[in-house]
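Before any comments, here is the structure.
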Number of protein chains: 2
Amino acid sequence: MSIPDTKERILDAAEYLFARRGFHNTSLRAITSRAGVNLAAVNYHFGSKYALLEAVFQRRLIPLNRLRRDNIERVREAARREGRRPGVRETLLAFIEPTLAFRKSGSGAEDYIVLVGRAMSDPEDTVRDVFIRHIAPLFHLLFETLREALPEVPPDAVFWRLQFALGAMSHVISMAGKTNLPLPDGVTPVGDVESLTALLIDFVSTGMERPWPVQ
Amino acid sequence: MSIPDTKERILDAAEYLFARRGFHNTSLRAITSRAGVNLAAVNYHFGSKYALLEAVFQRRLIPLNRLRRDNIERVREAARREGRRPGVRETLLAFIEPTLAFRKSGSGAEDYIVLVGRAMSDPEDTVRDVFIRHIAPLFHLLFETLREALPEVPPDAVFWRLQFALGAMSHVISMAGKTNLPLPDGVTPVGDVESLTALLIDFVSTGMERPWPVQ
DNA sequence: GTTAAATTAAAACAGTTGTTTTAGAAAAGT
DNA sequence: ACTTTTCTAAAACAACTGTTTTAATTTAAC
């Protein structure tokens, strides 16, 4: 049949263009022309441009969030079983690793991750509102796990440190594939995902674990 | 005279709206109506919407960058005078502190800082290209200073750690004033700028100073 | 093969976009 | 007072926006 083909092609094209040009700067005509389908197909299949954005998010965010949630729950479970607190590093890794590794899961996944990076730092946009709705419960679980991992750090500080970590992650994600940033001499453009993930995890878990009170 | 009044009013309105709605989602009519001036005034005074964006950036970025540059140079100078390497923490503080503190410098400054936060994380937008042009030399100075401060860490790692730090900063900046984020129980919405800056500096300098090689 | 539903194609819709034009008012120079 | 420049006001411009409509075509059911 031709239904899923058309819908998928629209989703792929929208994902690609939203990630690169942003939501408001991408027209339905650009999407349909890239997808090779008729203009009316978007409104027919999805209802509106906004609903299309929602669909773009849902298609990948649901399995990705399940993966991240399972990871975190596994960390909590292991800690509970061994009668200890969850570790900061393993908790952050449980959340961050699937996010960065997700890029390798398929052709359009890379576009999607860039889109997520944009959405996280898009302070008031339509994009962000949609994103927040999908990520809020997972964020809550992540925050609570880190609170357990850091009993001596006040919740406010844990919250902000987590925001810093997410900011760092979203920034490096949204940099992915962009070449217009001014690279200093002697710096190679980008490593493989694994080593970049390792660098990021080292950075954020070190900052997160800083003893409290800060002297 | 009425020229500077009109131009300033346009700049203020554009700054306000660009920060909240983004560049593409802000119309010239919204700007001029907020500024209380005629629609044609933008094209008369600035030439185009794009040139207006550039002017919005320049108005505050030039003095802000001078402040940050002077701060970093002062750190380098003190280190040279005392025959030691520049410190990681003081270097990051020299860059970050003016950025966050700038919000208190005037009425529209808060809008501007949010706009900067957006621009930094706007991966391919017009906004980002304009911003990169203005910030590139300063970024280079910051990077080189950190390289001197961390001789045992390879330049690639210093580069990425700096990106993480900037991502954390830009994220917390673009969160400023936003209330739609889901705050967990027991977390107060936002502290004053000073304590938030302290938290951020603690976080990023800890991650930046992590010994190399990472065990 | 006929009928009914699903899907596409193409055109048209009303509204908004950035920009320009035209005319007139205000300010400055002489 | 007069001229010239500077700026504003209002309307108009063509291009583009998301969405809807109308008709044609494909797909499925019986």
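In this text the structure is predicted, and so the values were computed from the model without any measurement. Residue numbers begin at 1 in each chain, while the letters A, B, ... track the order of the sequences.
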Looking at D/dT8, I'd like to know if its phosphate oxygens (OP1 or OP2) sit under 4.0 Å from a side-chain N or O belonging to B/Thr6.
yes

Return a table of donor-acceptor pairs under 3.5 angstrom between the side chains of residues 141-150 of chain A and protein atoms on other chains or two or more places apart.
unit_1: A/Thr145; atom_1: OG1; unit_2: A/Arg76; atom_2: NH1; d: 2.7
unit_1: A/Thr145; atom_1: OG1; unit_2: A/Leu141; atom_2: O; d: 2.8
unit_1: A/Glu148; atom_1: OE2; unit_2: A/Arg76; atom_2: NH2; d: 3.0

d(CG, A/Leu52; C1', D/dT17) in whole Å
15 Å

With A/Arg89 via salt bridge (Lys or Arg N to Asp or Glu O under 4.0 Å) - residues at least two apart:
A/Asp202

With sequence neighbours excluded, what pairs up with B/Glu73 under the salt bridge (Lys or Arg N to Asp or Glu O under 4.0 Å) test?
none

Pairing residues for A/Glu90 by the salt bridge (Lys or Arg N to Asp or Glu O under 4.0 Å) criterion, not counting sequence neighbours:
A/Arg84

B/S/- along nucleotides 17-23 of chain C (protein heavy atoms under 4.0 Å) is BBBBB--

Would you say a side-chain N or O of A/His45 is under 4.0 Å from OP1 or OP2 of C/dT8?
yes

For A/Arg133, which residues count as a salt bridge (Lys or Arg N to Asp or Glu O under 4.0 Å) partner, sequence neighbours excluded?
A/Glu54

